[in-house]
**Student:** 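Sending over a structure as structure tokens; questions will come in a sec.
So that the names make sense, note that chain A is the first sequence line, chain B the second, and so on, each numbered from 1.
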Amino acid sequence: MLRSGASPNAFTFPFALKSCASLSLPAAGAQLHAHALKAGCEVEPFVLTSLISMYAHCSLIDDAGKVFDHCPQSRRLTVCYNALVSGYTSNSRFSDAVSLFRRMTEMGVSANSVTMLGLIPVCSLPVHLGVGTCLHCCCVKLGLDRDSSVGNCLLTMYVKCGSVEDARVLFDSISCKGLITWNAMISGYAQHGHASHVLDLYREMKSCGIRPDSVTLVGVLSSCALLGAYHIGCQVERQIELSGFNSNPFLDNALVNMYARCGKLAKAWAVFDAMPEKTVVSWTAIIGGYGMHGQGKLAVNLFEQMLQAGIRPDGAAFVSVLSACSHAGLTDEGLKYFNAMEKKFLLQPGPEHYSCMVDLLGRAGQLQKALDLIHTMRVHPDGAVWGALLGACKIHKNVELAELAFERVIELEPTNIGYYVLLSNTYNEANNMDGILRVRMMMRERKLKKEPGCSYVEHTGKVHLFLAGDRCHPQTKEIYRMLNELEDWLKENHNLDKSYLERRDDERLSGTGVHSEKLAIAFALLNTKQHGREIVVIKNLRVCEDCHLFIKLVSKAVDRQFVVRDATRFHHFEGGVCSCRDYW
DNA sequence: CTAGGGTTAG
């Protein structure tokens, strides 16, 4: 049109500018800007709005600001402010967005829902929670919180600022919850790892007659992956088939991840293989799955295949391959990838990569090298880095270095009880009673109490959670009876060693209570009888040796298969054979 | 000018 000599007017500019915005064509956009100036219509509210939006979408946010500043105040309508506010937000300019909103209010320009929808998402980090809460108050004052979009937006803001609790309070206060409201809360819980809350909400949502869509199911699947809730995951897959969603990369990645983490590698592979377009996220999920289940060599092969397919690995992909190497004892490969990461792929390793490397070297017994690596780190080591060294010191019974690692880790995470327990266990193996007492004293002084471990079992579409010594479950009586029967039976038929029985009595007397994984196993046996071949138990701590023995003997006795997943790895118990391939 | 999504050890 321009070439033909015709000049655009106030009605045609917005359309043309919108195309520049969506295609990110800043040069063409700037040319249109020049034409608008010539035509003298750049201060027409809709032209102005489109210009701001165009520059903002082209990441030229300062140019957007200039256009706005050159416009006389009388022409700055709400829509113009809205365009610039959302421009600042999408370019992550927190203080600019907030101060423009303040200016707008001071100038007496009224904010509407769209203003808030453009502004609220600028609060996306925990430090923004205070401002986000203020914005929530503004919405209430302006009567905009009744707008369902604004409510959903606020809900997501609380999630991004790290307060799922505030999000939940808001969620409960929303009387007309739409699909998006449910999805925002479900994925909020999923992103923060509150997996059992996700499954509870999912059930509730369905009972309210809301039909889940693919966004819902992505959140549910990632929670199934965290919990190892394979059967619920399968139900979700059936739901996908029933609903007839077309194959969607988000959903496929979530499925691959779910199957992989539940140990169903063949199924994970089938979904992965059938994916029309595999992204680095898909590869990371499948590599992590093989690595987690002791198939380190396969994981490394897949990483190579990914490189050959021309996919650039990112930080997460390196975490999955490095941890696979660590679990499988592939020390040299791990070192090779770690070096390639910086030199060949120009990725700055973060603390999470160093903690994998310290774990890798530490497990291989190269404690000094692990320590040297920490000293050469260019980023600040976090608790996980020193914690990995501490874990390695326990394996290799190096008390002296354990003390050093403990000192460092406790500066960073003074209330993480796991590390006190790790040091105490290191002392225990070295028969260092003084050390154990010192740790206990420290914990008492700091008023730290070991939090109860917990285990989950999924049964009939629900996740049943047990704490150590738990008596809250409706079937408590039967569960304990079953457990006693099992242990008596094991005692008579398997010469259970004396120390196990002593520790068991100790457990009951001292009130620390029966280990949660034993309760979960007893519950599962009680409810599934001979049906169902596999039970998945997940624990947030490590499986201790006694429980290992218990589960191994039970699985042999009843000829059942168990997979126990703890904080660090999966343990497979099949008819009495305990295969912990990644304990090397 | 406008609310919801997948991958990361210990």
**Student:** First locate atom NZ of A:Lys369, then atom CG of A:Leu371, and finally report the distance between them rounded to the nearest 0.5 Å.
**Tutor:** 13.5 Å
**Student:** What is the distance, rounded to the nearest whole Å, between atom CG of A:Leu347 and atom P of B:dT7?
**Tutor:**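 Rounding to the nearest Å, CG of A:Leu347 and P of B:dT7 are 20 Å apart.
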**Student:** Would you check, one step at a time, whether the test side chain to side chain donor-acceptor pair (under 3.5 Å) holds for A:Ser247 with A:Asp252?
**Tutor:** CA-CA 7 Å; A:Ser247 154; A:Asp252 286 342; 3.0 Å; yes
**Student:** Whole Å only: how far is the CG atom of A:Leu117 from the P atom of B:dA3?
**Tutor:**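 My rounded result for the distance is 6 Å.
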**Student:** May I ask you to decide if the ring planes of A:His194 and A:Tyr189 are parallel, tilted or perpendicular, using 30° and 60° as cut-offs?
**Tutor:**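 Answer is parallel, since the angle falls under 30°.
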**Student:** Between B:dG10 and A:His327, is there an OP1 or OP2 to side-chain N/O distance shorter than 4.0 Å?
**Tutor:** yes
**Student:** With no angle test and no hydrogens, is the base of B:dA9 tied to the side chain of A:Ser355 by a donor-acceptor pair under 3.5 Å?
**Tutor:** yes
**Student:** Please pick, from B:dG6, B:dA3, B:dC1, the nucleotide with the shortest atom-to-atom distance to any side-chain atom of A:Lys18.
**Tutor:** B:dC1
**Student:** The side chain of A:Asn253 is closest to which nucleotide in this list: B:dG6, B:dT2, B:dA9?
**Tutor:**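 That would be B:dG6.
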**Student:** Do you know which two heavy atoms are closest between A:Ala268 and A:Val256, and how far apart they sit?
**Tutor:** CB-O, 3.7 Å
**Student:** Whole-Å distance between B:dG6 P and A:Ile186 CD1?
**Tutor:** 12 Å
**Student:** Of all of residues 280-290 of chain A, which get a heavy atom below 4.0 angstrom from DNA chain B, listed by number?
**Tutor:** A:Val281, A:Thr284
**Student:** A:Asn257 has an atom CG; how far is it from atom P of B:dT8, in whole Å?
**Tutor:**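 After rounding, the gap between these two atoms is 5 Å.
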**Student:** Rounding to an integer number of Å, can you tell me how far A:Met341 CE sits from B:dA9 P?
**Tutor:** 14 Å
**Student:** Identify which nucleotide among B:dA9, B:dA3, B:dT8 has an atom closest to any side-chain atom of A:Ala316, counting heavy atoms from C-beta outward.
**Tutor:** B:dT8
**Student:** Do A:Arg312 and A:Phe345 form a cation-pi contact, if we require the NZ or CZ to be under 6.0 Å from the six-membered ring centre and within 45 degrees of the ring's axis?
**Tutor:** no
**Student:** Decide yes or no, distance alone: a donor-acceptor N/O pair under 3.5 angstrom between the base of B:dG5 and the side-chain of A:Ser187.
**Tutor:** no
**Student:** Between B:dA9 and A:Arg363, is there an OP1 or OP2 to side-chain N/O distance shorter than 4.0 Å?
**Tutor:** no
**Student:** Given B:dG6, B:dC1, B:dA9, identify the nucleotide with an atom nearest to the side chain of A:Ser323.
**Tutor:**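 Of the candidates, B:dA9 comes closest.
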**Student:** To the nearest angstrom, how far is A:Met258 atom CE from B:dG6 atom P?
**Tutor:**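 A:Met258 atom CE is separated from B:dG6 atom P by 15 Å.
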**Student:** Between A:Arg168 and A:Asp172, is there a salt bridge with N-O shorter than 4.0 Å?
**Tutor:**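 Here A:Asp172 pairs with A:Arg168 in a salt bridge, since their nearest N and O are under 4.0 Å apart.
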**Student:** Flag yes if more than 12 heavy atoms outside A:Gln348 fall under 6.0 Å of its CD atom; otherwise flag no.
**Tutor:**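 Yes.
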**Student:** Hey, does A:Thr115 reach any base, or is it just sugar-phosphate, or nothing, if we go heavy atoms under 4.0 Å?
**Tutor:**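 Contact class for A:Thr115: none.
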**Student:** Whole angstroms only, please: what is the CG-C1' distance between A:Leu322 and B:dG10?
**Tutor:**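 From A:Leu322 CG to B:dG10 C1': 14 Å.
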**Student:** Using a heavy-atom cut-off of under 4.0 Å over every strand shown, decide if A:Ala384 touches base, sugar-phosphate, or nothing.
**Tutor:** base
**Student:** Side chain of A:Gln191, heavy atoms from C-beta onward: which of B:dG5, B:dA9, B:dA3 has the nearest atom to it?
**Tutor:**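 Ranking B:dG5, B:dA9, B:dA3 by closest atom to the A:Gln191 side chain puts B:dG5 first.
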**Student:** Can you figure out which of B:dA9, B:dG5, B:dA3 approaches the side chain of A:Asn152 most closely?
**Tutor:**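 It is B:dA3.
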**Student:** Could you give the CD-to-P distance, from A:Glu277 to B:dG6, as a whole number of Å?
**Tutor:**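 Distance, rounded to whole Å: 19 Å.
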**Student:** Are side-chain N/O atoms of A:Asp96 and A:Asn91 paired as donor and acceptor at under 3.5 Å?
**Tutor:**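 No pair is found: no donor N or O on one side chain lies under 3.5 Å from an acceptor on the other.
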**Student:** Could you tell me whether A:Asp147 contacts a base, only the sugar-phosphate backbone, or nothing, with contacts defined as non-hydrogen atoms closer than 4.0 Å?
**Tutor:**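 Nothing, no heavy atom under 4.0 Å.
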**Student:** Answer with base, sugar-phosphate or nothing: what part of the nucleic acid does A:Asn248 contact at a heavy-atom distance below 4.0 Å?
**Tutor:**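 Since a base atom lies under 4.0 Å of A:Asn248, the category is base.
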**Student:** Would one find a side-chain N or O of A:Thr49 under 4.0 angstrom from OP1 or OP2 of B:dC1?
**Tutor:**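 False: A:Thr49 side-chain N/O out of range (4.0 Å or more) of B:dC1 OP1/OP2.
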**Student:** Give me the ring orientation class for A:His128 and A:Phe94: parallel if the planes are under 30° apart, tilted from 30 to 60°, perpendicular past 60°.
**Tutor:** parallel
**Student:** Taking OP1 and OP2 of B:dG6, is either one under 4.0 Å from a side-chain nitrogen or oxygen of A:Arg261?
**Tutor:**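 For B:dG6, OP1/OP2 do not have a side-chain N/O of A:Arg261 under 4.0 Å.
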